[in-house]
Amino acid sequence: MESLLNTKWVSTAASIWIQCTSGASYTFGIYSSVLKSSQSYDQSTLNTVSVFKDIGANVGVLSGLLYSTVTTSSRRSGVNSSPWVVHVAGAIQCFVGYFLMWASVVGLISRPPVPLMCLFMLVAAHAQTFFNTANVVSGVENFRDFGGTIVGIMKGFLGLSGAILIQVYNALCKGDPTTFILILAIVPTLVSLTLMPCVKIYKTTTFDDKNHLNAFSAIALIVAAYLMVAIILENIFSFPVWGRTITFIILLVLLASPVGIAAKALKEEKDPLEGYHQIPGEPDQTTVGSSSGVDLFRDDEDDEKDMNLFQAMVTINFWLLFIAMICGMGSGLATINNISQIGESLGYTTMERSSLVALWSIWNFLGRFGGGFISDIFLHKGWARPLFIVITLATLTFGHLIVASDFPGNLYIGSIVVGICYGSQWSLMPAITSEIFGVRHMGTIFNAVAIASPVGSYVFSVRIIGYLYDKVAEGEGNSCYGTKCFMLSFIIMASVAFFGFLVALALFFRTRWFYGQLVVRRLRRLSIS
């Protein structure tokens with residue numbers, strides 16, 4: 001049992017489970033109404049609290065700095081380091097933030113002023129960056145040659161976590177969002193504290209890494225497909241309690257399957273090839289670079305730069321990536337923040353708008369997972385990964401134009417295109433960060449680049465969409481109906497996405513030679529293993 005627990009496969013399974021409960025910020029729509037009514041907020045005040053949620057969930061530089069600090073000392077001592085301190089910091093913030101919000105809603109504490117409630121929300125959402133940094137960066141360090149795939153898996157499950165937590169809500173306390181806030185304080189905290197000892201960094205490359213990662217990927221796709229079917233059925237039919245309970249139990253069974261993959265991987269590591277006989281003098285093909293032996297990859301890894309945040313920020317590549325992410329992540333987040341109102345203006349029913357919001361998490365997952373997985377396949381064929389940011393931003397341009405157009409079902413098609421392209425940025429950007437700037441300070445650097453998401457969202461949501469909507473809105477409630485409400489806004493965002501495409505193209509040409517050398521080094525390592 002001890003040998004099973006101390007492997008990078010169990011570390012991966014544990015990280016997946018933590019990711020599955022980390023996206024509490026994605027469930028704001030469940031409890032926002034009770035937060036608004038209990039605190040006597042108007043819509044503007046509630047939106048202000050929501051802005052602090054977006055800031056907390058996306059500004060994770062502190063989590064990156066903490067990760068680098070706690071793992072550097074262990075790395076120097078030569079032992080398998082563990083980012084447990086980062087998980088603890090996230091667990092504390094998650095519990096404190098959501099518990100104080102719950103206490104405010106039920107009247108356990110006196111009604112806090114708005115700035116204090118914004119602080120509660122900021123702290124609660126900020127926990128997500130600590131969980132995410134610990135799991136994603138540990139995964140990349142464990143699977144350096146398949147960074148895109150492991151980032152896609154981790155980011156994919158984070159994207160699904162909102163839908164998973166909503167299934168928890170449906171099974172345990174549907175119709176009682178106040179209790180759900182307390183669940184958000186307890187469940188992610190307990191899951192993280194329970195599983196954090198299993199999340200470690202192992203300097204190994206084993207015989208069949210890619211096949212086992214593909215198995216984890218298959219589980220992610222199955223869970224996403226199951227959630228999509230469950231969401232659609234729940235929006236069409238009203239499930240009784242027993243139906244919601246069975247749906248949730250099946251989900252738990254699916255989520256338990258990664259431990260089976262970990263056990264199979266360990267078994268194959270012990271006996272990787274039945275009938276295989278090692279030729280005298282041939283390198284051992286089962287495990288290379290183990291922590292107890294000689295690291296055959298050390299020279300190659302030393303060739304790959306390890307910049308800190310300040311060194312990265314003085315490079316042109318950093319700012320090209322940052323600007324591209326403002327255009328991609330920012331406009332994508334602005335779309336989901338306004339998708340319900342867009343649907344209302346186009347005459348979509350309440351059920352149709354609810355389905356659009358719920359299914360967004362599935363398109364987001366497909367982008368996160370596919371962006372990492374597919375780019376890894378082509379990377380090993382010699383394609384530079386920034387090319388996929390170029391492709392997704394070009395596609396995003398057309399996605400915004402589809403939303404701006406006037407034909408039946410345009411919002412369904414547009415939301416799929418924008419959702420997938422937006423999600424892909426979240427797996428491509430961390431993987432590119434680790435390759436261009438190095439893995440050692442990856443957590444700090446990719447979280448700094450991720451600040452582009454709330455910055456872009458604020459500019460597009462408030463300064464463009466909100467401003468232009470108010471100019472054409474009229475009548476009671478300052479409402480607007482028809483394509484005129486959002487057409488100009490999305491044409492502008494399409495233009496911005498096209499500008500991001502040009503910026504990403506510049507990054508691709510600047511890093512094309514570097515990626516050529518990177519692919520050669522990785523293929524050499526894989527040929528040894």
_Would you say the ring centers of Y67 and H441 fall short of 6.0 Å from each other?_
no
*What orientation do F99 and W102 show, parallel under 30°, tilted 30 to 60°, or perpendicular over 60°?*
tilted
*Check A404 against F490 and note the closest heavy-atom contact, atom names and distance.*
CB-CB, 3.7 Å
*asked:* Has N447 got a side-chain atom pairing as donor or acceptor with V61's backbone, closer than 3.5 angstrom?
replied: no
Without placing hydrogens or testing angles, list every side-chain donor-acceptor pair under 3.5 Å for residues 245-260, not counting sequence neighbours.
| residue | atom | partner | partner atom | Å |
| --- | --- | --- | --- | --- |
| T245 | OG1 | V241 | O | 2.8 |
| T247 | OG1 | G243 | O | 2.8 |
| S257 | OG | L254 | O | 2.5 |

_Any donor-acceptor pair under 3.5 Å from T444 side chain to G64 backbone_ = yes
*Do T7 side-chain atoms and V10 backbone N/O form a donor-acceptor pair below 3.5 Å?*
yes
*asked:* Under the rule for side chain to side chain donor-acceptor pair (under 3.5 Å), what residues qualify as partners of D376, not counting sequence neighbours?
replied: T149, R385
*Any side-chain heavy atom of N58 within less than 4.5 Å of one from I451?*
no
*For the student: nearest non-hydrogen atoms of S63 and T129, plus distance*: OG-O, 3.4 Å
*Nearest non-hydrogen partners of K53 and A125, listed with the distance*: O-CB, 3.4 Å
*S453 side chain to A450 main-chain N or O, any donor-acceptor pair under 3.5 Å?*
no
*Who pairs with H126 by ring-ring contact (aromatic ring centres under 6.0 Å, His included), at least two apart in sequence or on another chain?*
F130
*Starting from the C-alpha separation in whole Å, work towards a yes-or-no answer on ring pair (Phe, Tyr, Trp, His ring centres under 6.0 Å) for F378 and F388.*
CA-CA 10 Å; F378 284 93; F388 288 87; 5.7 Å; yes
*How would you list all residue pairs meeting side chain to side chain donor-acceptor pair (under 3.5 Å) that involve residues 358-374, not counting sequence neighbours?*
Y26-R368, N364-R368
*Determine, using ring centers only, whether F143 and W9 are less than 6.0 Å apart.*
yes
*Which is it for T395 and V417 under the side chain to side chain contact (heavy atoms under 4.5 Å, CB included) test, yes or no, and what are the steps along the way?*
CA-CA 7 Å; T395 308; V417 175; 3.9 Å; yes
*So which heavy atom on A220 is nearest to which on L160, and how close?*
O-CD1, 4.1 Å
*Do S22 and Q128 meet the criterion of a side-chain donor-acceptor pair at a distance under 3.5 Å?*
no
_side chain to side chain contact (heavy atoms under 4.5 Å, CB included) between M154 and I150, worked out_ = CA-CA 6 Å; M154 293 300 165; I150 191 64; 4.0 Å; yes
*What pairs meet the ring pair (Phe, Tyr, Trp, His ring centres under 6.0 Å) rule with one or both residues in residues 213-245, with sequence neighbours excluded?*
none
*Report the distance from atom CD1 of I432 to atom OG of S375, rounding to the nearest 0.5 Å.*
7.5 Å
*CA sep, side-chain torsions, deciding dist, call: N338, S461, side chain to side chain contact (heavy atoms under 4.5 Å, CB included)*: CA-CA 8 Å; N338 291 275; S461 293; 3.7 Å; yes
_Interatomic distance, K200 atom NZ to Y202 atom OH [nearest 0.5 angstrom]_ = 4.5 Å
*Would you check if I436 and Y515 make a side-chain contact, meaning some heavy-atom pair closer than 4.5 Å?*
yes
_Non-neighbouring partners of F365 that pass ring-ring contact (aromatic ring centres under 6.0 Å, His included), sequence neighbours left out_ = F369
*Of all the heavy-atom pairs spanning A134 and V199, show the shortest one and how long it is.*
O-CG1, 4.5 Å
_Which residues share a side chain to side chain donor-acceptor pair (under 3.5 Å) with N211, sequence neighbours left out_ = D208
_Side-chain (S457) to main-chain (P454) donor-acceptor, under 3.5 angstrom_ = no
_Min side-chain heavy-atom separation F407-I402 under 4.5 Å_ = yes
What side-chain donor-acceptor pairs closer than 3.5 Å can you find for residues 326-335, not counting sequence neighbours?
| residue | atom | partner | partner atom | Å |
| --- | --- | --- | --- | --- |
| S331 | OG | C327 | O | 2.6 |
| S331 | OG | G328 | O | 3.4 |
| S331 | OG | H400 | NE2 | 3.1 |
| T335 | OG1 | S331 | O | 2.8 |

*Answer whether the closest heavy-atom distance between the side chains of S217 and I153 falls below 4.5 Å.*
yes
*Close aromatic pair by centroid cut-off 6.0 Å: Y31 and F28*: yes
*CZ on F131 to CG on L158, rounded to 0.5 Å*: 11.0 Å
_Approximate separation, where rounding is to 0.5 Å, of L387 CG and T511 OG1_ = 9.5 Å
*Below 4.0 angstrom, N of the basic side chain to O of the carboxylate: do K210 and D145 qualify?*
no
*If we only count heavy atoms from C-beta on, is the L62 to L66 side-chain gap below 4.5 Å?*
no
*Which residue pairs pass the salt bridge (Lys or Arg N to Asp or Glu O under 4.0 Å) test with at least one member in residues 173-198, sequence neighbours excluded?*
none
*Okay, side chain of N142, backbone of K8: is any donor-acceptor separation there less than 3.5 Å?*
no
*asked:* When you measure from the side chain of N170 to the backbone of R244, do you find a donor-acceptor pair of N or O atoms at a distance under 3.5 Å?
replied: no
*Reported CG-to-CG distance for the pair L401 and L396, which is rounded to 0.5 angstrom*: 9.5 Å
Could you tabulate the donor-acceptor pairs under 3.5 Å formed by side-chain atoms of residues 180-197, not counting sequence neighbours?
| residue | atom | partner | partner atom | Å |
| --- | --- | --- | --- | --- |
| T189 | OG1 | A91 | O | 3.4 |
| T189 | OG1 | A185 | O | 2.8 |
| T194 | OG1 | L190 | O | 2.7 |

*So how far is it from I219 CD1 to N214 CG, rounded to the nearest 0.5 Å?*
12.0 Å
*Where do S415 and I339 come nearest, in terms of heavy atoms and distance?*
CB-CD1, 3.7 Å
*Is a side-chain donor or acceptor of S161 paired with a backbone partner of G23 at a separation under 3.5 angstrom?*
yes
*With sequence neighbours left out, write down each residue that passes side chain to side chain donor-acceptor pair (under 3.5 Å) with Y348, or none if nothing qualifies.*
none
*How would you list, by chain and number, every residue that makes a side chain to side chain donor-acceptor pair (under 3.5 Å) with N135, sequence neighbours excluded?*
S15, Q19, H87
*Side chain to side chain, P83 and V137, heavy atoms closer than 4.5 Å*: no
*asked:* If you apply the rule side chain to side chain contact (heavy atoms under 4.5 Å, CB included), what do you find for I389 with M325, and how did you get there?
replied: CA-CA 9 Å; I389 290 187; M325 291 303 100; 3.7 Å; yes
*Just by distance, do the side chain of S427 and the backbone of G372 share a donor-acceptor pair under 3.5 Å?*
yes
